[in-house]
Amino acid sequence: MALQNYQLFDGEKFKEWSRRDGLHHEETLFFERHLDEIPKSARILDIGTGCGRFIFNLASYGFCNFSGIDLSERLLDVARNRKKELAVDCDIDFSIQSATALKFCDQSKDVVIACQQIYCFLEGQNERKAALREAYRVLAPGGLILMSVMSWEGRWYNPFIAALIGPLKILKGDWMRLSRQYLCWLKWRSGPNFMILFKRQPYIYWYRKNEIEEEVQAVGFSIVDVASEKMLTESCFQFEFGGMLFIAARKPFDAVPKP
């Protein structure tokens with residue numbers, strides 16, 4: 001049976017991800033662009049929370065009502081222990097859940113965070129669309145989703161890597177992942193991932209800008225902000241590719257639950 005992306009975070013990637021705590025510079029800049037429009041009492045859902053680094057950093061801004069979900073029990077244990085160590089005085093609920101089938105009620109959240117490129121780890125197109133629909137469902141009218149995705153156009157080397165990996169996909173029978181935008185993990189622990197030469201490996205989906213915009217809007221969101229990592233860190237006002245893509249989108253204020 002092929003290894004799934006989420007299983008890596010309980011295994012090979014656990015040590016690396018369990019040590020993450022602060023925000024990257026571009027993440028801080030992206031959040032600060034939108035924090036003023038979010039009430040401190042907002043009910044915030046962090047999808048793919050890992051060890052809770054977004055939650056604990058947002059708590060320092062005065063937010064106090066969080067739910068964090070992940071499929072890695074080991075990372076959630078780190079998050080729970082970190083909450084005790086930091087003595088965070090706010091309501092945080094950590095639970096095992098899938099982004100494609102959230103257990104929260106309709107319109108029960110005010111903000112959804114789907115950063116750390118979490119949707120890119122869902123290999124199936126239907127899964128990625130289902131996750132966006134679920135985020136839309138649990139958001140209250142006027143609610144905000146803040147997300148980031150791997151940017152296909154933002155990495156100049158993608159076409160070259162895709163060309164090299166293409167024949168390997170055919171040899172291994174990875175027919176469902178022949179799209180160039182599916183790239184496997186190139187690093188494994190502390191070195192190159194040579195296992196891609198021999199057996200099926202998990203893939204990460206890299207979005208094109210117009211593609212993620214269309215998928216977000218197709219669910220019903222109105223896009224508020226789209227910025228690349230380069231735009232955030234270099235204070236560019238015109239769109240310019242470079243690094244990840246960051247998207248903020250809002251659920252219409254007049255939205256009603258679907259029957």
**Asked** Is the NZ or CZ atom of Arg80 positioned over Phe94's six-membered ring, under 6.0 angstrom from the centre and within 45° of the axis?
**Response** no
**Asked** Is it the case that Gln181 and Glu211 place a side-chain donor and acceptor less than 3.5 Å from each other?
**Response** yes
Contacts table for residues 52-64: side-chain donor-acceptor under 3.5 angstrom, sequence neighbours left out:
residue : atom : partner : partner atom : Å
Arg53   : NE   : Gln116  : OE1          : 2.9
Arg53   : NH1  : Gly22   : O            : 3.0
Arg53   : NH1  : Glu27   : OE1          : 2.9
Arg53   : NH2  : Glu27   : OE1          : 3.3
Arg53   : NH2  : Glu27   : OE2          : 2.8
Arg53   : NH2  : Gln116  : OE1          : 3.4
Asn57   : ND2  : Asp21   : O            : 2.9
Asn57   : ND2  : Arg53   : O            : 2.6
Ser60   : OG   : Asn57   : O            : 2.4
Tyr61   : OH   : Glu32   : OE2          : 2.9

**Prompt:** Under 6.0 Å between ring centres, would you say that holds for Phe237 and Phe239?
**Reply:** no
**Message:** Checking side-chain polar atoms at under 3.5 Å, does Tyr203 have a donor or acceptor matched by the opposite partner on Asp174?
**Reply:** yes
**Message:** With no hydrogens and no angle check, just 3.5 Å: does a side-chain donor-acceptor pair link Ser72 and Asp10?
**Reply:** yes
**Prompt:** Tyr182: what forms a ring-ring contact (aromatic ring centres under 6.0 Å, His included) with it, not counting sequence neighbours?
**Reply:** Tyr205
**Request:** Tell me whether the centres of the aromatic rings in Tyr136 and Phe221 are closer together than 6.0 Å.
**Result:** yes
**Complete:** The single option from Arg250, Lys251, Arg43 that satisfies salt bridge (charged side-chain N to carboxylate O under 4.0 Å, His left out) with Asp110 is Arg43
**Asked** Can you list the steps and then say if Met147 with Ile113 is a side-chain contact (heavy atoms from CB on, under 4.5 Å)?
**Response** CA-CA 6 Å; Met147 60 187 295; Ile113 297 172; over 6 Å; no
**Sub-4.5 Å side-chain heavy-atom contact between Phe246 and Met244** = yes
**Item:** Ring-face cation contact, Phe104 with Lys109, 6.0 Å cut, 45° max
**Value:** yes
**Prompt:** Do Ser148 and Gln117 have side-chain N/O donor and acceptor atoms under 3.5 Å apart?
**Reply:** yes
**Message:** Distance check, rounded to the nearest 0.5 Å: Arg208 atom CZ versus Asn158 atom CG?
**Reply:** 9.0 Å
**Item:** Aromatic ring proximity Trp156/Phe241, centre distance under 6.0 Å
**Value:** no
**Message:** Test of understanding: with side chain to side chain donor-acceptor pair (under 3.5 Å), list the residues that count as partners of Gln238, not counting sequence neighbours.
**Reply:** none
**Request:** To the nearest 0.5 angstrom, please state how far the CG atom of Leu122 sits from the CD atom of Glu127.
**Result:** 5.5 Å
